[in-house]
Amino acid sequence: MAPGKVSKICCIGAGYVGGPTCAVIALKCPHITVTIVDVNQSRIDAWNDKDFKLPIYEPGLEDVVRGCRGRNLFFSTDVDKGIQEADLIFVSVNTPTKKSGVGAGFAADLNYVELATRRIAAVANSSKIVVEKSTVPCRTAESMRTILESNSKPNCRFDILSNPEFLAEGTAIGDLFKPDRVLIGSLQTPEGKAACDALTEVYANWVSKDRILTVGLWSSELSKLAANAMLAQRISSVNALSAICEATGANIDEVAHAVGFDSRVGPKFLKASVGFGGSCFQKDILNLVYLSESLHLPEVAAYWRQVVEMNEYQKRRFSKTVVDTLFNTITGKHIAVLGFAFKADTGDTRESASITLIRDFLNERANIKIYDPQVPHEQIWFDLAEACPNLPLESIKKSVTICPSALDACNQADALVIATEWKEFKEIDWEAVYTNMNKPAFVFDGRLILDVEKLKKIGFKVTVIGRGNVM
Ligand SMILES: NC(=O)c1ccc[n+]([C@@H]2O[C@H](COP(=O)([O-])OP(=O)(O)OC[C@H]3O[C@@H](n4cnc5c(N)ncnc54)[C@H](O)[C@@H]3O)[C@@H](O)[C@H]2O)c1
Ligand SMILES: O=c1ccn([C@@H]2O[C@H](COP(=O)(O)OP(=O)(O)O[C@H]3O[C@H](CO)[C@@H](O)[C@H](O)[C@H]3O)[C@@H](O)[C@H]2O)c(=O)[nH]1
């Protein structure tokens with residue numbers, strides 16, 4: 001294959017990254033055939049659903065898929081065929097934190113990356129550019145190259161690139177249409193650079209070249225972990241300050257605004273919250289901690305570990321505030337939890353702070369009513385069963401009700417907790433909520449989205465993260 005002439009792309013992994021990323025490539029590059037493959041039959045069926053009930057909720061995604069599915073975008077479980085036909089392959093499989101064995105609780109589980117790589121080596125019968133899209137520890141590309149070179153057929157040559165993804169869920173399509181940057185790492189050999197040029201030309205169909213950064217392989221891999229660690233660090237910093245605000249009467253929104261006005265700091269990603277969630281931040285920081293420890297850099301490991309510990313503290317602190325405020329007991333009381341997703345505009349619940357809060361409330365033997373506009377009910381039961389191994393699902397179901405609306409969830413509740421910043425929670429009919437709640441009616445804003453003065457006038461007792469004594 002001549003550099004710059006990618007005509008067939010295969011993406012292994014049809015998840016939150018592989019699906020949207022490669023759908024956008026197909027939309028923006030009608031001359032390239034893109035096939036997204038996965039071993040998960042039901043996921044592929046959903047991507048192919050005739051009514052476009054896609055397996056993930058992401059604003060704008062349906063329009064993208066409608067624009068090119070069946071034209072130059074295909075979804076399939078035939079992984080081998082996808083590999084064989086492609087000249088460029090994205091590996092976009094999951095890399096969760098290891099649950100057992102060496103590095104358990106910290107290191108990334110690279111089993112899926114390795115299996116996908118071995119499959120490429122086993123079935124490829126022509127040369128390929130293999131692109132690491134998954135977030136992986138530094139130097140994973142080297143392991144992939146060793147596997148590929150040790151198992152490939154004589155006429156096959158593999159060039160490995162690192163091309164980490166920076167999209168955020170909920171804004172994925174906008175992020176992909178107009179990325180801050182596209183990062184491509186390659187070996188600095190003529191072949192490595194040619195492969196890098198070929199991938200650059202794919203993105204250059206819609207991304208200006210000054211936003212396509214080309215670096216060495218190891219820098220690219222590390223930059224992904226570094227970017228997430230630094231973003232999460234900002235949230236933990238602001239959350240640590242929120243505790244000081246509560247103790248002093250300062251207001252975290254005002255402090256963050258003042259600090260963020262400094263152009264060296266900038267205003268984004270300084271929103272205090274009940275704690276960051278999502279499949280990436282915690283996993284990638286723990287991965288960085290593990291890497292630091294493996295490199296005998298304990299001080300560096302401890303520094304990054306504290307970002308995650310602060311996040312755990314923030315979640316614990318919030319649960320405790322709820323219990324303390326409800327006269328030190330929530331046993332038998334009804335708590336409405338609004339929001340189960342880890343952030344607004346997604347149905348993803350991975351590491352959602354809401355799960356931790358509900359677990360804590362269940363351990364206090366409260367009754368919980370949950371409302372989320374996107375998360376499927378089966379997902380909620382699955383997450384709660386996993387979070388509460390001490391409680392049989394039947395007993396969880398006795399204490400938890402999943403409600404069809406925010407108003408339903410708040411009916412007869414003693415307290416209401418905002419756990420996800422869904423826009424509709426700002427627009428609730430608060431008078432109606434107040435009328436139907438038990439009194440005193442407590443509101444806990446874990447996302448700093450509510451109009452506190454308005455709620456106080458109605459009669460609510462309001463507690464907001466990072467604001468001392470607002471009741
Ligand atoms: N979710 C995000 O917002 C995000 C953003 C940037 C980077 N990432 C990274 O991207 C990677 C993928 O994340 P995700 O959220 O899309 O994961 P996901 O779990 O949603 O999707 C991964 C998919 O890969 C499939 N898969 C696993 N092994 C396979 C194999 N051998 N052959 C075929 N299919 C296989 C799984 O069935 C699954 O559908 C991770 O490394 C993650 O850290 C995620
Ligand atoms: O000021 C803020 C910003 C975010 N959050 C929370 O932080 C978490 C993560 O949010 P966000 O980063 O917007 O979503 P993700 O989809 O997890 O995206 C992150 O993780 C992805 C996976 O690696 C990266 O690609 C993205 O660049 C990176 O933003 C969520 O719980 C948010 O509610 C806050 O509490 N305060």
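In this text, all values refer to a predicted model and were calculated from it rather than measured experimentally. Just so you know, ligand 1 is whichever comes first in the structure, and atom 1 is the first atom listed for that ligand. The first residue in the sequence is number 1, and the count goes up from there.
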Legend entry - Close N or O approach (K224, ligand 1; < 3.5 Å): no
Legend entry - Carboxylate-amine/guanidinium proximity below 4.0 Å for K209 and E201: yes
Legend entry - Salt bridge R316-E309, side-chain N to carboxylate O under 4.0 Å: no
Inset, instruction - Provide, to 0.1 Å, the distance between atom 16 (O) of ligand 2 and the closest protein heavy atom, together with that atom's residue and name. - result: E169 N, 2.8 Å
Inset, instruction - Heavy-atom contacts with S279 under 4.0 Å: which atoms of ligand 1 show up? List them by number with element. - result: 1 (N)
Legend entry - Protein contact to atom 5 (N) of ligand 2 [nearest heavy atom, distance to 0.1 Å]: I235 CD1, 3.4 Å
Legend entry - atom 9 (C) of ligand 2: nearest protein contact (heavy atom, Å): F281 CE1, 3.6 Å
Legend entry - Selection from S134, S273, A353 by shortest heavy-atom distance to atom 35 (O) of ligand 2: S273
Inset, instruction - State if R350 counts as touching ligand 1 under the rule of any non-hydrogen atom under 4.0 Å. - result: yes
Inset, instruction - Return the residue, atom name and 0.1 Å-rounded distance of the protein heavy atom closest to atom 11 (P) of ligand 2. - result: K343 NZ, 3.7 Å
Legend entry - Presence of salt bridge, D80 and R119, under 4.0 angstrom: yes
Legend entry - Closest protein heavy atom (residue, atom, distance) for atom 2 (C) of ligand 2: K271 O, 3.7 Å
Legend entry - Closest protein heavy atom to atom 27 (C) of ligand 1, given as residue, atom name and distance to 0.1 Å: N94 OD1, 3.3 Å
Inset, instruction - Check each heavy atom of N228 against ligand 2 and say whether those closer than 4.0 Å belong to the side chain, the backbone, both or neither. - result: side chain
Legend entry - Electrostatic pair R157-D159, nearest N-O below 4.0 angstrom: yes
Inset, instruction - Inspect the contact between D253 and K271 and indicate whether a charged nitrogen and a carboxylate oxygen are less than 4.0 angstrom apart. - result: yes
Inset, instruction - Around atom 21 (C) of ligand 2, find the nearest protein heavy atom and jot down its residue, atom name and distance. - result: L167 O, 3.5 Å
Inset, instruction - Specify the protein heavy atom at minimum distance from atom 22 (C) of ligand 2: its residue, its atom name, and the distance to 0.1 Å. - result: C280 SG, 2.5 Å
Inset, instruction - Can you figure out which of T171, L225, D175, L231 has its heavy atom closest to atom 29 (O) of ligand 2? - result: L231
Legend entry - Nearest-contact summary for atom 10 (O) of ligand 1 - protein heavy atom, Å: V17 CG2, 3.5 Å
Inset, instruction - Check whether the side chains of D78 and S76 place a donor and an acceptor atom closer than 3.5 Å, and report yes or no. - result: no
Legend entry - Shortest reach to atom 12 (O) of ligand 2 by a heavy atom, considering only F276, F342, F269: F269
Legend entry - Proximal candidate to atom 11 (C) of ligand 1 [heavy atom criterion; set L115, I120, V93]: V93
Inset, instruction - Report the part of L270 in contact with ligand 2, treating N, CA, C, O as backbone and CB onward as side chain, heavy atoms under 4.0 Å; options are side chain, backbone, both, neither. - result: backbone
Legend entry - Closest protein heavy atom (residue, atom, distance) for atom 33 (O) of ligand 2: R447 NH1, 2.7 Å
